[in-house]
Protein chains: 2
Amino acid sequence: MHMIDSEEWCALNDVDVTATEEAAICSNYETGDVIFYEGDDVKGVYFVKAGLVGVRKADLEGNSTLLKLAEPGDTLGYRPLAADQPHRASAEAVNPSIICFIDKATVRQMIGENPALGLNFLKRAAKELGDAEEKFHESVTLSTRARFAHLLIVMQDRFGHATEDGSLQLTLPLSRSDMAAMLGVRPESVSRVIHELEGTGITHFAEREVTIRDPNSLMDVFIK
Amino acid sequence: MHMIDSEEWCALNDVDVTATEEAAICSNYETGDVIFYEGDDVKGVYFVKAGLVGVRKADLEGNSTLLKLAEPGDTLGYRPLAADQPHRASAEAVNPSIICFIDKATVRQMIGENPALGLNFLKRAAKELGDAEEKFHESVTLSTRARFAHLLIVMQDRFGHATEDGSLQLTLPLSRSDMAAMLGVRPESVSRVIHELEGTGITHFAEREVTIRDPNSLMDVFIK
DNA sequence: CGCCAGGTTGATTTCGCTCAAGCAATGTGG
DNA sequence: CCACATTGCTTGAGCGAAATCAACCTGGCG
């Protein structure tokens with residue numbers, strides 16, 4: 001069982017995986033610990049071994065939006081490395097995490113020797129680009145309510161589990177404020193949407209425990 | 001002088017450029033002609049030889065947002081090809097354009113034989129991803145006024161020219177509605193913002209001819 | 001126990017949308 | 001050449017969704 005194993009890195013043969021693992025430096029991060037800051041020069045990439053990491057962008061007034069969540073198997077920092085840019089967002093542990101740092105010389109060497117690795121990162125970037133464009137489109141097209149419904153569906157997909165009866169269950173990995181930051185709205189608005197969804201009976205919220213009683217209706221809320 | 005020449009395709013040697021050019025099919029598109037539709041399967045990529053192309057995304061009510069503009073040298077459709085997805089946006093000539101279609105078998109063969117080509121597309125995707133994430137952040141963070149100011153600055157960069165006095169000049173490649181679609185707002189809002197900027201004397205609009213009298217103030221509008 | 005962070009709720013404001021009208025430039029048919 | 005549609009843009013009035021501001025509630029924790 002390899003330390004570094006993912007959709008992208010699986011392109012490496014045993015020798016190169018081992019070489020990469022030897023070059024990797026793994027660290028523990030507590031909740032809230034920062035992995036890198038917006039504006040920093042890129043020193044290498046960060047392979048998320050365990051935990052959950054949030055990628056944020058802050059504006060001048062201290063507002064921040066949460067661009068995405070990185071789970072075990074995800075590689076952070078490959079984007080600015082590939083673009084030859086400084087970090088354009090910061091990363092911070094949402095849950096206690098184990099993260100392996102791989103310096104950029106090693107990354108470049110591996111990509112140079114294994115074209116498939118570069119293509120895997122191309123595929124990853126291409127998918128993320130599609131998602132990012134969709135996200136922009138949704139942010140200017142859909143209401144807060146619809147976007148929250150979508151977020152719930154995505155979260156259920158990634159972090160949820162089904163139950164014996166038809167309903168879907170989910171433990172939210174994020175606080176209300178962080179969900180607001182994902183949508184680019186105020187926490188108060190999230191509270192109000194949750195209140196509204198409770199009223200319709202489509203969902204039930206208890207702290208971070210969510211039950212989606214009527215997934216189809218939730219889909220309808222998303223579409224409208 | 002090669003037909004296909006760009007930041008990405010320059011990775012090819014003479015033999016491969018020639019092979020690619022022989023496989024390419026060039027066509028003329030009039031303003032408004034569609035190059036591909038959202039949802040279509042990807043047949044290959046489209047190299048913009050001349051003109052200007054808009055990449056759009058439509059929602060259910062017929063609203064559409066303009067995600068980006070492609071200029072000569074840009075390659076369209078590489079994203080869904082790399083991601084192995086159908087087109088997630090449509091493309092349409094904004095100005096009369098000449099566009100060369102290169103089927104995906106050829107693209108894949110070239111990338112297979114020239115790892116540098118794949119890396120060039122990785123770099124391109126990585127840059128676009130950074131821009132797309134920034135765009136999302138701006139859309140939820142900044143006012144219409146600020147976003148329009150930013151759009152003006154970017155447009156001036158790409159399509160403008162400086163004048164003898166300190167002011168900047170620019171012929172807009174887009175209608176008001178299309179600028180609205182870039183920002184994800186209504187055309188009326190764009191009109192009102194233009195009116196407001198005129199009032200402050202920062203800019204002057206005559207049809208599509210724009211003079212930016214006070215670039216610094218425009219930057220200030222963007223930041224705030 | 002009191003404090004504080006995270007969350008909810010209510011009152012008010014504001015920004016951008018909707019709907020509607022008007023206007024100038026361009027095109028079209030009689 | 002004029003009457004009239006059409007198109008792109010502007011302007012105005014009213015509305016509505018989300019932000020803002022403020023109060024308050026709850027549970028953890030020194």
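Below, chain A is the first sequence line, B the second, and so on; all start at residue 1.
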Please state how far atom [atom1] in [X] lies from atom [atom2] in [N], giving the value in whole angstrom units.
X	N	atom1	atom2	result
B/Glu207	D/dC9	CD	P	8 Å
A/Phe205	C/dT9	CZ	C1'	17 Å
B/Glu198	D/dT10	CD	C1'	12 Å
A/Asp178	C/dG6	CG	C1'	11 Å

Protein-to-nucleotide contact annotation, 5' to 3' order, nucleotides 12-20 of chain C [B base; S sugar-phosphate only; - none; under 4.0 Å, heavy atom]: ----SSBB-

Residue pair A/Lys49 / A/Pro72: nearest heavy atoms and the distance that separates them: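 Looking at all heavy atoms of both residues, the shortest contact is O-CB, 3.5 Å.
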
side-chain N/O B/His195 vs D/dT10 OP1/OP2, d < 4.0 Å: no

Short side-chain donor-acceptor distance under 3.5 Å, A/Ser90 and A/Glu38: no

Any donor-acceptor N or O pair under 3.5 Å, side chains A/Thr20, A/Trp9: no

Set of salt bridge (Lys or Arg N to Asp or Glu O under 4.0 Å) partners for A/Lys57, sequence neighbours left out: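 For A/Lys57 the salt bridge (Lys or Arg N to Asp or Glu O under 4.0 Å) partners, ignoring immediate neighbours, are B/Glu134.
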
Any residue meeting salt bridge (Lys or Arg N to Asp or Glu O under 4.0 Å) with A/Glu196, in chain and number order, not counting sequence neighbours: A/Arg145

Between A/Phe121 and A/Tyr78, ring centroids under 6.0 Å: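 Centroid distance A/Phe121-A/Tyr78: below 6.0 Å, so yes.
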
